[in-house]
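I have placed the structure first, in the form of C-alpha cells, so that the comments after it can refer back to it.
What you see is a predicted model; the values in this text were computed from it and never measured.
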Amino acid sequence: MANDPFARDCFFPFTLQSDILIDPRAPLGGGGPGDFVSTCPVGASQDLFMADLGLHPLAPMNTGFDFFAGRLPADLRLTQASTLQKAPWMTYAIAEAKRHKGITEGEIAKIINYHQETGATFLKEMSGTQNAWCASFVNWCLQSAGLTKWKNSFRARAVAEDGNFTEIKSPVYGAITLVGTHHACFFYAHEKKSSKPICLGGNQSDQINFTVFKEKVRYFVPTPYLETAKKQIAEEKQLVSTAEELNTEFGIKTDAKKPASTR
C-alpha cells in the first residue's frame, strides 16, 4: 500500500452484512464488528471520499464509490443498489438527517440545495410556498444510491405517474410515501399508539426529520426493488416507535410545541 495513491490514514466505516449492506448507524471511527475504522475526522484532508472523490463524507455508497470499490477484494465489492436487502437510499436520508441535526431549510440551503442537485435548476431557493423541496430530497437520496429519479422530480405526486416506480399496498422500510398528493417522504416505522406511518423526509416543519402522518398515504418503491420489497412484506415486521424517540435518537432537534407541517 506504500505506493498506492489511494492509501490514507483512515477509511470510512461501513458494516458488512449479508449483501454488503451499509449500516447508517455505524459510528465514525467506532471500530465495531465488520467496520473499517476511521482515525480521522469526517471531511479531513485524509478522508478519501472528500479529498479524492468530493463525495458526501457520511454516505460512501454512491456513484463515485463504485470507482473505489473496484480496488477492494471481489468479495467486498458493493452490489448494485437494486439488489440490496434494505433500501440503500435510506443511508443518504439518514446521513443528511444526522448532518443537519434539525436546522431549517434556510440554513440547509447554504450547504446544499436539493432542487439544484437533482436537475430542477429553475428552483433557486428551498424556502417559500413555491419551493417545496420534499420530492427533491427524496430524489436526491435515490440518485445518490444510483437509482433513477422520477420525471418532474421536484413534484411529489409525479412518483405515481412514473413507470420506474411501482405502488405497493403495505409499507416497507424506505418505501416512498406519497402523503395526499402534496408530500413525499420515506416510510420508517409505525407510530406506537395509532399505527400511522412515521416518515423520514425533508420539508417537514422546514427540516429533515421524523414526522407522523395521519392523512391518506400511498407507498411506492423503485421497480427494480419490487421483488425485494415483496420479500420484506412477507417476512419482516415493521419497526414500532414514535417520532419523538426517533428524532432524539438521531440527534434531530425539533420544536415539540410547533405542529408538524409540510407545504
Task: Which atom of Met126 lies closest to which atom of Asn113, heavy atoms considered - done: SD-CA, 3.6 Å

Open item on the list: I need the minimum non-hydrogen distance between Gly202 and Trp133, along with the two atoms involved.
Closed with: CA-CZ3, 3.4 Å

TODO: Please report the closest heavy-atom contact between Ala93 and Phe137, naming both atoms and the distance.
DONE: CA-CZ, 3.9 Å

Open item on the list: Which heavy atom of Gln204 sits nearest to which heavy atom of Phe210, and what is that distance?
Closed with: NE2-C, 4.2 Å

Task: Pair Lys86-Glu236, salt bridge (charged side-chain N to carboxylate O under 4.0 Å, His left out): steps then yes or no - done: CA-CA 11 Å; Lys86 295 288 186 181; Glu236 297 182 12; 2.6 Å; yes

Open item on the list: Tell me whether Lys149 contacts the main-chain N or O of Thr118 through its side chain, where contact means a donor paired with an acceptor under 3.5 Å.
Closed with: yes

Open item on the list: Do Tyr188 and Met90 make a side-chain contact, defined as non-hydrogen atoms from C-beta onward lying under 4.5 Å apart?
Closed with: yes

Open item on the list: Tell me if a side-chain donor or acceptor on His182 pairs with a main-chain N or O of Val179 at a distance below 3.5 Å.
Closed with: yes

Open item on the list: For a 4.5 angstrom cut-off between non-hydrogen side-chain atoms, does Glu161 reach Arg155?
Closed with: no

Task: Residue list, ring-ring contact (aromatic ring centres under 6.0 Å, His included) with Phe154, at least two apart or on another chain - done: Phe122

- [ ] Compare every heavy atom of Thr177 with every heavy atom of Val217, then report the nearest pair and how far apart it is.
- [x] CB-CG2, 3.8 Å

TODO: Could you walk me through whether Gln232 and Glu227 pass side chain to side chain contact (heavy atoms under 4.5 Å, CB included), step by step?
DONE: CA-CA 9 Å; Gln232 286 179 260; Glu227 293 306 313; over 6 Å; no

Open item on the list: Given 3.5 Å as the limit, does a donor-acceptor pair link the side chain of Asn152 with the main chain of Ala158, or not?
Closed with: no

Open item on the list: Would you say Tyr114 and Gln143 are linked by a side-chain donor-acceptor pair, where the criterion is simply a distance under 3.5 Å?
Closed with: no

Open item on the list: Let me confirm one number: the CD-CD distance from Glu125 to Gln116, rounded to the nearest 0.5 Å.
Closed with: 9.0 Å

Open item on the list: With a 4.5 Å cut-off on side-chain heavy atoms, are Lys98 and His100 touching?
Closed with: no

TODO: Please examine the side chains of Thr148 and Leu142, heavy atoms only from C-beta on, and report whether any two atoms are closer than 4.5 Å.
DONE: no

- [ ] Please confirm whether the backbone N or O of Gln207 pairs with a side-chain atom of Ser205, one donor and one acceptor, at under 3.5 Å?
- [x] no

Open item on the list: What I'd like to find out is whether the side chain of Phe165 reaches to under 4.5 Å of the side chain of Val221, using heavy atoms alone.
Closed with: no

Open item on the list: Between Trp150 (side chain only) and Asn139 (backbone N and O only), is there a donor and an acceptor less than 3.5 Å apart?
Closed with: no

TODO: Take Phe220 and Thr166, measure what side chain to side chain contact (heavy atoms under 4.5 Å, CB included) needs, and give me the verdict at the end.
DONE: CA-CA 5 Å; Phe220 298 84; Thr166 300; over 6 Å; no

- [ ] Measure the spacing between CG of Leu178 and NZ of Lys216 and express it to the nearest 0.5 Å.
- [x] 10.0 Å

- [ ] Spell out, as yes or no, whether a donor-acceptor pair under 3.5 Å connects the side chain of Asn247 to the backbone of Thr254.
- [x] no

Task: Expected output: side-chain Glu191 to main-chain Lys193 donor-acceptor under 3.5 Å - done: yes

Task: Contact check, side chains of Trp140 and Ser153, non-hydrogen atoms, under 4.5 Å - done: no

- [ ] Check the pair His115, Ser136 against side chain to side chain donor-acceptor pair (under 3.5 Å), reporting the backbone distance first and the verdict last.
- [x] CA-CA 5 Å; His115 293 313; Ser136 289; 2.7 Å; yes

TODO: To the nearest 0.5 angstrom, please state how far the CG atom of Asn203 sits from the NE2 atom of His183.
DONE: 6.5 Å

TODO: Output, in order, the C-alpha distance, side-chain angles, deciding distance and verdict of side chain to side chain contact (heavy atoms under 4.5 Å, CB included) for Ile103 and Ile111.
DONE: CA-CA 11 Å; Ile103 63 174; Ile111 303 168; 4.3 Å; yes

TODO: Answer yes or no: is there a donor N or O on one side and an acceptor on the other, between the side chain of Thr223 and the main chain of Asn164, under 3.5 Å?
DONE: yes

Task: Test log, rule side chain to side chain contact (heavy atoms under 4.5 Å, CB included), inputs Phe213 and Thr211 - done: CA-CA 6 Å; Phe213 289 97; Thr211 297; 3.9 Å; yes

Task: Shortest non-hydrogen contact from Cys185 toward Cys199 - done: SG-CB, 3.2 Å

- [ ] With side chain to side chain donor-acceptor pair (under 3.5 Å) as the test, would you mind laying out the steps for Asn131 and Thr129 before giving the verdict?
- [x] CA-CA 6 Å; Asn131 299 305; Thr129 57; over 6 Å; no

Task: Same apolar cluster (I L V M F W Y, side chains within < 4.5 Å links), Leu239/Ile176 - done: yes

Task: Candidate pair Tyr173 and Phe187, rule ring pair (Phe, Tyr, Trp, His ring centres under 6.0 Å), full reasoning - done: CA-CA 6 Å; Tyr173 172 75; Phe187 175 82; 8.4 Å; no

- [ ] Find out if a path of hydrophobic residues (ILVMFWY) with successive side-chain heavy-atom gaps under 4.5 Å connects Ile208 to Leu123.
- [x] no

Open item on the list: For Ser241, give me all partners under side-chain hydrogen bond (donor to acceptor under 3.5 Å, both in side chains), at least two apart in sequence or on another chain.
Closed with: Glu245

Open item on the list: Looking at Glu235 and Lys230, is any side-chain nitrogen of the basic one under 4.0 Å from a carboxylate oxygen of the acidic one?
Closed with: no

Open item on the list: Keeping Asp206 on the side-chain end and Thr104 on the backbone end, is there a donor-acceptor pair under 3.5 Å?
Closed with: no

Task: Donor-acceptor contact present, side-chain Glu105 to main-chain Ile108, <3.5 Å - done: no

Open item on the list: How about NZ on Lys192, more than 12 heavy atoms from neighbouring residues, nucleotides or ligands closer than 6.0 Å, or not?
Closed with: yes

